[in-house]
Every structure is written in structure tokens, then in C-alpha cells.
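Letters A, B, ... are given to chains in the order of the sequence lines, protein chains preceding strands, and every chain is numbered from 1. If you're wondering where the values come from, they're calculated on a predicted model, not measured in any experiment. Only heavy atoms go into these numbers, but all of them, side chains included; no hydrogens, no water, no symmetry mates.
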There are 2 protein chains.
Amino acid sequence: MINIREVARLAGVSPATVSRVINGTASVSEEKRQRVLQAIEATDFVPNEVARSLFKRSAKTIGLIIPSIRNPYFTELAAKLDELATQRGYRLFLHNVGYDLDQEWAALQQLEAINADGAILVPSSNDDRADQRELSIPLVVLDSDFNGPVSAYLYCDYYQGAQLAMEHLVDCGCREIVCIRGPQSTFSGRSRYVGYRDYCLEHHIRQRVVDCDYDFNAGLAMTEELLERYPKVDGILACNDIVAISTYKILHKRNIPVPDQIQLIGFDDIAFSSLISPELTTIHQPIDDLASLAMDLVLRQEERAVKGGRHILPVTLVQRETTKRKDA
Amino acid sequence: MINIREVARLAGVSPATVSRVINGTASVSEEKRQRVLQAIEATDFVPNEVARSLFKRSAKTIGLIIPSIRNPYFTELAAKLDELATQRGYRLFLHNVGYDLDQEWAALQQLEAINADGAILVPSSNDDRADQRELSIPLVVLDSDFNGPVSAYLYCDYYQGAQLAMEHLVDCGCREIVCIRGPQSTFSGRSRYVGYRDYCLEHHIRQRVVDCDYDFNAGLAMTEELLERYPKVDGILACNDIVAISTYKILHKRNIPVPDQIQLIGFDDIAFSSLISPELTTIHQPIDDLASLAMDLVLRQEERAVKGGRHILPVTLVQRETTKRKDA
DNA sequence: TATTATTATGAAACCCGTTTCATTTGTCTA
DNA sequence: TAGACAAATGAAACGGGTTTCATAATAATA
């Protein structure tokens, strides 16, 4: 591969001059600048980004670590963050860790080792980890509140979201509401469940819970089990949209009318939830705001962020076709 | 940030020795090795990956460039490639270029500049590009057959897929089949359409075509237009599953029974297509095989690949609930 | 015991773009 | 015209692991 010294030799100047032409960091005589430009053209020279970032200590890269690339929620988040990063002249380095804590940690180390300018982490688990030594790059954590040396936390008000959902289901006339709760090791799974639990406690409703992972197959299987365990269910609060969609599939297959016999509500408001028929009632998360704030926090902490600051975004209920007020 | 010389100083050895301990590239006396390990432990030293890959000329990274991270087909492909890369000790660097050719080219240059070990590209357009100078890293191109200096091409037999789909729709009794064709600048859009066209020509069927981008909103809008233009339609061949799902949504909203009045078939077999109700009949692409072959090709071209070699994978029809043989 | 083969180890070069610093050339002011 | 100052430019150092090469020390063979 051609390098800057080679180009310099060809143009009859020093490497420093070539560098100055490329980066516009200092003035160069028009004559030499032309010679350099020509030599670059002739050789298809592309500066080695590795050498550059070794010296600069910046790779113009932001890392994003997500538990699963197969979950549309994370994918939509990644898409938005990618846009934002590109806009600001950064690359987004997406790490998919498949809910594996070792991989997650490795990804973080790696980002540090490649001189990334910051990292955005959606933890695979909210449990305390011993391994959290301080990183040398800014780290903002999404969808979690675990204790660690991070620059900022940022999440949506899931607790409130679950309460909103319960309120709505009760308003719609549901009496036997089952919560399909997500993994209790995750923050989203736990706080959504706690929102449900507290609502039940406050309103003297018996809790009905079924555990489920955040994926299709689990959703399918756990819905079957739910129907077995709670035959009189008339409302379901699913831990996310993926699971809600799986749930609907089973209900549909069994010819259980939704929302007439069972009302269903999801969580996240992924793009698909308004695309399926019937459209899914769900708790909307402001993904765009989330992404934009996360990017701000990681890029210029000094402005919006306090060290270790917590930012909580509100969620809203969007009613579509899987819930309906019973006017009995 | 702590560096190797610092660690060496602390351990009372040379940087070379530290490097040897870390990489196991040469034997080191047990005593010094312990001192080094201890110093690493004490300082939380993580070798700077940038410096390492500058020297090694390998970043243990392979790049994946896709047109859109919002399309589940690409996402599933990325997920699989990510698994494969991780298995083999590489990172997958995902570049989302949003169907922008400039960004695509920039991504390619960037991968070259960071010493990536290879790149897998799903082109945003199949048109000839002038810019295709030879890259210094192996490049395998998916879902395209445009002419350029690449290591290998790899795609599914879309032409055959479209014919399979048509055959099936005709078998099911459809007489007025409309093709919602994808962007004709893409290889998938074009070859799927050509498969449809040739089938029509061979069987003396009048072509009915509507153009559509690969996304939800376009799918929604174009289905409306389709129904306007071809009121007697009884079969729809959608350019991909996303569009097929949008199409179903409109049909459902208008109370047009599927498959009884209109039969519908998609393309890609993304995970969602079997999760919605009714389940979507579609053309299945062997994503896992595709990913696995792509990874092989990019990583060890010498074995499976001929320079510029073409690899074409077969597709299959999977009949689900949006098509049905009419036993009239 | 002399000699050769090993093993251990550090100094220095290397990868390559960037930047500092000193020098040279040219310009402007007194 | 001398002195002061600005612009242009290259040599060299830098960033941080890795590897080569030479040397020193130890072990094995004659």
C-alpha cells in the first residue's frame, strides 16, 4: 500500500507538506499543493486511518453495544444513532453481543483499545458487575441503572409506562390482567414488572405473572402457557412488542377475538407494531429523543451531563386496535 | 492512558518482553513473566489496538456495508455474519449507508484505511459505477452482479424465485397477477421483476406492474394505487416481505379477504413473515448459507473462490397462509 | 574443559500520518 | 539598506505495540 512518504517523494516535497495539503492545517504554496494533489490522484492514495488515529488519539468513532441485533427496538435505535453520528462526522461502530456479558465487556475494552471517542451501552444485564473498572472513554448507559463508573445514565420511564398500560387496560374493562414479564436481570424487564406489581398492590388486584424472554419463540411458548394457567384472562400486558406480536399470533390461531375477548398491549412501539393487523396498542418510547440525547451526552458531556447524571424520558400510551373500551 | 513502556518500567523489563508475555510469541522466564503479569494487573493495562494493527496491518475486522439497517432482511444477514465473524476471532464492522452511493464508497475507503481484513458489500445500486478502483482488501459483493474489481459475487436466484412465485400463484388459480416491483436500480428489484416478466411472456399473460421502494410507507401507498389501477387483481407478487406486509395491511383495512379474493406472496422470508397473522407465503432465501459462504469467501478466498467468481444460491417457495389453491 | 547449540532479553527499527521546531526565503517597515 | 516579521517548508520526534537482530547467559555436546 502506498503511503504518505511515497506520495511526498513523487511530488518532490516532504511528508509534512503532503499532510498539510490533505488536512489544510497550514498554508502551502500553490505550486507544491498542485504537485501534491496530482501525486495523490495518480497513486489513489488514501491516508491510513490507523496511523492517523494512533497519533490523534481519536478514531472519530462512537461505539454502540447492544444485546441483540435481532430485536427491532435496538435496530431502530442503532439506525437513529447511526444517522446522528454520521451527521456529526463520526462513525458508529455497532457491537452485537447476544446477551453475553463477557462479549459485552470485551466490546467495551475493544472500543477503548481502538481509541473510540465514546461508547453507548445497552447492558445485557442490570445485575451488579465486579468488572466495572473506569474506562478511559466516555460511556453512556441506556436502559439501565446499574451502579458503575459511567458518564451518564439514560432511560425511559418504564415504571410509569407499565402503570399507564394497566390504567388503560382497567379503563377498558379488563378484570384479569396477566403480565408477561421480561427477563428480570434486565432493567427494562424489571422496572416494567415493578410498575405492574405496584399498580396491582395499590388497586388490590391479584398479580398474574408469566416469565418470558425477549424473543418470538419464547413469546409463542409462554402465551400457550399463560392460557393454560389463566384461562379467564381478559387483558395481557406484554413485556415488549415482539412478545405482544407472538401473543397475538397464538390468540389468533385459537380464534380468541382481540380485543373483544382479550385485550393486548405491548411495549416499545417498534415500527412493526403499527404495521401488523390489527395494529398493536403499545407504550411508545421516544427513540429519536433517546438517541439524540445519548449522542449529545457521549459527545459533549460537559454541556448537558453531570458525571453519573441520570436522565429519564417520559413514555406515552398509544392506543390502536388491540385494546378497546368495553361499553357493556 | 497507560502504555506498554510504562508497564515494562514497572516490571523492570523491556517493552519487548511485555509484548512477548501478552502474545506468547516467545518464551520468557517464569520470574519475569510473573512480574509482567502483575504489572499489567496493577495498571489495568489494555494494549492499544490501534498501534497493534498499525504494525500488523490487520485489524481483525471485517466490514459489512448494507443499504439500510431498518430492513430486517439486512439485519438478519448482519446478525448471522456477526456470529460467524465472532466465531472466527474477527469483529464485524457494520456500515449503514442509507442507500447513498457516496456514503457507500466512503465506507469502503474507510474499511481500507482502517486495515480491515475484508469487506462484504450489499450495494445500494446495481448501476455501473465509475469509481470502482481496485481495493487493497478482499471484497465480496452480495445481491448484485455489477461489474467491478471484486473478489467474488454472491446472490440468490431471484429470477428463479419470481418464476416459482408466479407458478404458484397460477397454480392457485390467479388470473390477474400484479407485480409490485422494487427499485430497478437494485439487482434484487430488477431480477425479481425480470423473472416475473419472462414468466408472463412465456405464458402469454399480460404484465401488470406497479413500482415501489423497499419500505413500509411506499408499500402502503403503492398498494392503494395498485387497487385503483387494477381493480380486478386476484394475485399480488410483492418485491419483498416488508412490502407484502404493508400490502396485506391495506387489503385487511379494506376488508378484502386474503387469500380468498386476493392471494399474496412476498420475498425474502424474514422472521416476521411467519409471525404475522395470517402467515405470509414467500420466497425463502437461505440467509444462513449466504452469510456463511460470504464469510468463507472474504476470509480465505484461496479455497472456495475464483477471482471474480460468481456464486448463486437457490431459493425455495414456502407456502403459508396468504395463498391457497382454489378448488372451485 | 573447550565448543556449540539454546534460551532469554533488550536496543532499536518499524508501521505511517501528524505536529513541533528550526531554518530559509521573502516582505514590510524604519 | 538594515532590522523585524511573516510565510513556506523540511527534519525529526511522536504515538504505542511488534519484531528483528545482536548479545549475554546457560545448557549440552565433544
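Of the candidate nucleotides D:dA11, D:dG17, C:dC16, D:dG17 has the atom nearest to the side chain of B:F55. For B:A16, the side-chain atoms get nearest to D:dT19 when compared with the rest of D:dG16, C:dT9, D:dT19. Side-chain atoms of A:K32 lie closest to D:dG10 of the nucleotides D:dG17, C:dG17, D:dG10. Proximity note for B:P15 (side chain, C-beta onward) versus D:dA8, D:dT18, C:dT18: the nearest is D:dT18.
Note on B:R5: a base of the nucleic acid sits closer than 4.0 angstrom, heavy atoms only. Looking at heavy-atom distances under 4.0 Å, B:V13 makes contact with sugar-phosphate atoms alone, never a base. Within 4.0 Å of A:S19, counting heavy atoms only, lies at least one base atom of the nucleic acid. A:V50 comes within 4.0 angstrom of no nucleic acid atom, judged by non-hydrogen atoms across all strands. Nucleic acid contact for B:V28: sugar-phosphate only, since backbone atoms but no base atoms lie under 4.0 Å from a heavy atom of the residue. The residue B:R20 sits close to a base: some heavy atom pair falls under 4.0 Å.
Distance B:I2 CD1 to D:dG15 P: 14 Å, rounded to the nearest Å. Distance, B:I22 CD1 to D:dG16 P: 14 Å, rounded to whole Å. If you take CZ of B:R35 and P of C:dT9, they are 9 Å apart, rounded to a whole angstrom. Residue A:E6 contributes atom CD, which lies 12 Å from atom P of C:dC15 at whole-angstrom precision. Following rounding to the nearest Å, B:E30 (CD) and C:dT9 (P) show an atom-to-atom distance of 11 Å. Atom C1' of nucleotide C:dT7 and atom CZ of B:R33 are separated by 15 Å, given to the nearest angstrom. In this entry the distance linking CD of A:E31 with P of D:dT9 reads 8 Å, nearest Å. To the nearest angstrom, C1' of D:dG15 lies 15 Å from CD of B:E49.
Heavy-atom distances to DNA chain C give each of A:T25 and A:L54 a nearest nucleotide, and the one nearer the 5′ end belongs to A:L54.
A salt bridge does not link A:R91 to A:D117: none of the charged side-chain nitrogens sits closer than 4.0 Å to a carboxylate oxygen.
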request  = Before giving the answer on side-chain contact (heavy atoms from CB on, under 4.5 Å), spell out for A:I22 and A:F45 the whole-Å C-alpha distance, their side-chain angles and the decisive distance to 0.1 Å.
outcome  = CA-CA 11 Å; A:I22 292 171; A:F45 172 65; 3.6 Å; yes
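The shortest distance between the side-chain N/O atoms of A:N23 and the OP1/OP2 oxygens of C:dG17 is not below 4.0 Å. Listed pair B:S29 / C:dT9 meets the phosphate criterion, a side-chain N or O lying under 4.0 Å from OP1 or OP2. For B:N48 and D:dG16, the shortest distance from a side-chain N or O to OP1 or OP2 is not below 4.0 Å. Distances shown here put every side-chain N or O of B:K56 at or beyond 4.0 Å from the OP1 or OP2 atom of C:dC14. Under 4.0 angstrom from either OP1 or OP2 of C:dT9 there lies no side-chain N or O belonging to B:S14.
To the nearest 0.5 Å, the span separating CE on B:M295 from CD1 on B:I120 amounts to 4.5 Å.
Checking B:T186 against B:Y99 by side-chain atom types alone, no donor-acceptor pair falls below 3.5 Å. Of the N and O atoms on the side chains of B:N126 and B:D145, at least one donor lies less than 3.5 Å from an acceptor on the other residue. No side-chain donor from either of B:Q87 and B:E83 sits under 3.5 Å from a side-chain acceptor of the other.
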